[in-house]
Number of protein chains: 2
Amino acid sequence: MAGTNDSTREALLDAAKVLAQTQGYNAFSFRDLADRVGITTASIHYHFPTKAHLGRELVIRYRERLMEGCRQIDARATKPRERLERFIGVLRGAIEKGTRMCLCGMFGAEFATLPGPVRDEVRSLFEATEGWMAGVLGEGRSVGVFRFDGDPERVARQVFASLQGGMMTACAFEERFNAVAEGLIRTLTHKG
Amino acid sequence: MAGTNDSTREALLDAAKVLAQTQGYNAFSFRDLADRVGITTASIHYHFPTKAHLGRELVIRYRERLMEGCRQIDARATKPRERLERFIGVLRGAIEKGTRMCLCGMFGAEFATLPGPVRDEVRSLFEATEGWMAGVLGEGRSVGVFRFDGDPERVARQVFASLQGGMMTACAFEERFNAVAEGLIRTLTHKG
DNA sequence: GTCTATAAGATGATAGAC
DNA sequence: GTCTATCATCTTATAGAC
């Protein structure tokens, strides 16, 4: 029902996603988007009245797909450590596909300049992802593979911030994300 | 000699710094800058031929001042842990002054869209800061207050990425940087 | 749904007077 | 050094034909 196959609309969101991940919300224009999809800028407005509408739906779809990815990770891997590693693999995949940031990191940095409705969805994106990760970390600790003090929610925020920062660094220095990710896992699994 | 007191030029760099930290390179304009300093956009071009020149000098000055700050930390604190905490305090200060990103994080995220000369200075900014931090971490480990495996340079990159990610998150959720920073110190000083 | 045409404003940048 | 005036181009967005 929701999400009927409107191919132009989907193509616009696909192109906008890549542009937003590589350049940011402020650095891509309707013209960039129109050129990539092969229509005129006027046609974009038929699908999305304003850039803010486009941005908002972009983040909503990104969150839904990321959460769907997390559910698939849960279905395919039962061990918390493997779940975490698979999640990190998703982020790594974005970098390897062309030094793309996660939308969390990119829109987080641009947060002050985003339209209100986009901001709301970005916050929701953070909370959903960190919530899933808190579950993985909490379960990992209870089975004894992860080791940390305090609230899993707090540690999830810390781990997520670290990964986002690693992706950001990878924009300036290729091959730096892996060092951050591996160090993170080592820390979490460290047997003091 | 270098850096004669050209007050308009300095005022431009000051205003550009705040705008770059809060909005990013792509989101601020010569008009924003001119309005804040009280001159016209044409006058900006007398001091900086292009926006790329302005951006480049902005990053250079930022790096020089940050490194000067690190030297002052070294002079005022001898314990590695206190040095790290003071550095974190500098980042926290930027957030508390108005949810400002570090230029590393903001320009790192925008990296793909930055003019070449600005990119070069951003890389240099990362390297200088991470180099200083590697020294603090290495010394901390040798005196037994920090505990980590592997190369101090690698861990410095990880710690720095984590802090940058924490600042990014703080743009969307106030009061989140402290949780990241405190968790980080706890991890580094943990007595397994 | 997509187009052409157009709008109103912003953008970085230049020429030349003062 | 700073200004006015101007530039070409880009920006998001709208009206109306097809």
Side-chain angles (χ1 to χ4, degrees), chain A residues 2-20 22-59 61 106-107 110 112-119 121, chain B residues 2-20 22-59 106-107 110-119 121:
Chain A
T4 305
N5 205 356
D6 185 334
S7 73
T8 301
R9 191 189 153 92
E10 289 300 301
L12 282 166
L13 288 172
D14 288 344
K17 176 172 171 273
V18 173
L19 286 166
T22 52
Q23 307 186 18
Y25 182 85
N26 296 307
F28 84 85
S29 70
F30 273 41
R31 187 192 243 290
D32 295 325
L33 212 46
D35 288 348
R36 293 186 182 218
V37 174
I39 58 175
T40 62
T41 61
S43 301
I44 298 176
H45 289 280
Y46 170 80
H47 300 280
F48 306 98
T50 69
K51 192 178 179 183
H53 286 86
L54 169 67
R56 182 172 173 273
E57 302 215 28
L58 175 63
V59 179
R61 197 188 70 159
M106 186 59 93
F107 283 11
E110 290 183 298
T113 68
L114 297 178
V118 182
R119 278 208 283 246
E121 299 304 330
Chain B
T4 304
N5 206 357
D6 185 334
S7 72
T8 300
R9 190 188 154 90
E10 289 299 301
L12 282 167
L13 288 171
D14 288 343
K17 175 171 173 274
V18 174
L19 286 166
T22 52
Q23 308 186 17
Y25 182 85
N26 296 307
F28 83 86
S29 70
F30 273 39
R31 187 192 241 291
D32 295 327
L33 212 48
D35 288 349
R36 293 187 183 218
V37 174
I39 58 174
T40 62
T41 61
S43 300
I44 299 176
H45 288 280
Y46 170 80
H47 300 280
F48 305 99
T50 70
K51 193 179 179 183
H53 286 84
L54 169 67
R56 181 172 173 274
E57 301 215 28
L58 176 62
V59 180
M106 184 61 92
F107 284 10
E110 291 182 297
F111 200 76
T113 68
L114 297 178
V118 181
R119 278 209 283 246
E121 298 304 329

Minimum heavy-atom distance [X]-[Y], with the two atoms named:
X: A:Pro117; Y: A:Arg56; answer: CB-CD, 3.6 Å
X: B:Tyr25; Y: B:Lys51; answer: O-NZ, 2.7 Å
X: B:Ala20; Y: B:Leu58; answer: CB-CD2, 3.9 Å

Tell me the interatomic distance from [X], atom [atom1], to [N], atom [atom2], rounded to whole angstroms.
X: A:Asp35; N: C:dC3; atom1: CG; atom2: P; value: 11 Å
X: B:Glu10; N: D:dG1; atom1: CD; atom2: P; value: 13 Å
X: A:His47; N: C:dT2; atom1: NE2; atom2: C1'; value: 8 Å
X: B:His45; N: C:dT14; atom1: NE2; atom2: C1'; value: 8 Å
X: A:Lys51; N: D:dC10; atom1: NZ; atom2: P; value: 15 Å
X: B:Leu19; N: C:dT11; atom1: CG; atom2: C1'; value: 15 Å
X: A:Phe30; N: C:dA7; atom1: CZ; atom2: P; value: 20 Å
X: B:Asn26; N: C:dA10; atom1: CG; atom2: P; value: 18 Å

Of the listed nucleotides D:dC3, D:dG1, C:dT2, the one nearest the side chain of A:Ser43: C:dT2
Touch check for [X], heavy atoms < 4.0 angstrom, all strands: base, sugar-phosphate only, or nothing?
X: B:Phe28; answer: sugar-phosphate
X: A:Ser29; answer: sugar-phosphate
X: A:Tyr46; answer: base

Please determine whether a side-chain nitrogen or oxygen atom of [X] lies at a distance below 4.0 Å from atom OP1 or OP2 of [N].
X: B:Thr41; N: C:dG12; answer: no
X: A:Thr50; N: D:dT12; answer: no
X: B:Thr40; N: D:dC3; answer: yes

First encountered from the 5' end of DNA chain D, between B:Ala42 and A:Ala52: B:Ala42
Option passing side chain to side chain contact (heavy atoms under 4.5 Å, CB included) with B:His47 (candidates B:Thr8, B:Leu13, B:Leu54, B:Val37): B:Thr8
With A:Asp14, the side chain to side chain contact (heavy atoms under 4.5 Å, CB included) member among A:Arg9, A:Arg61, A:Arg36: A:Arg61
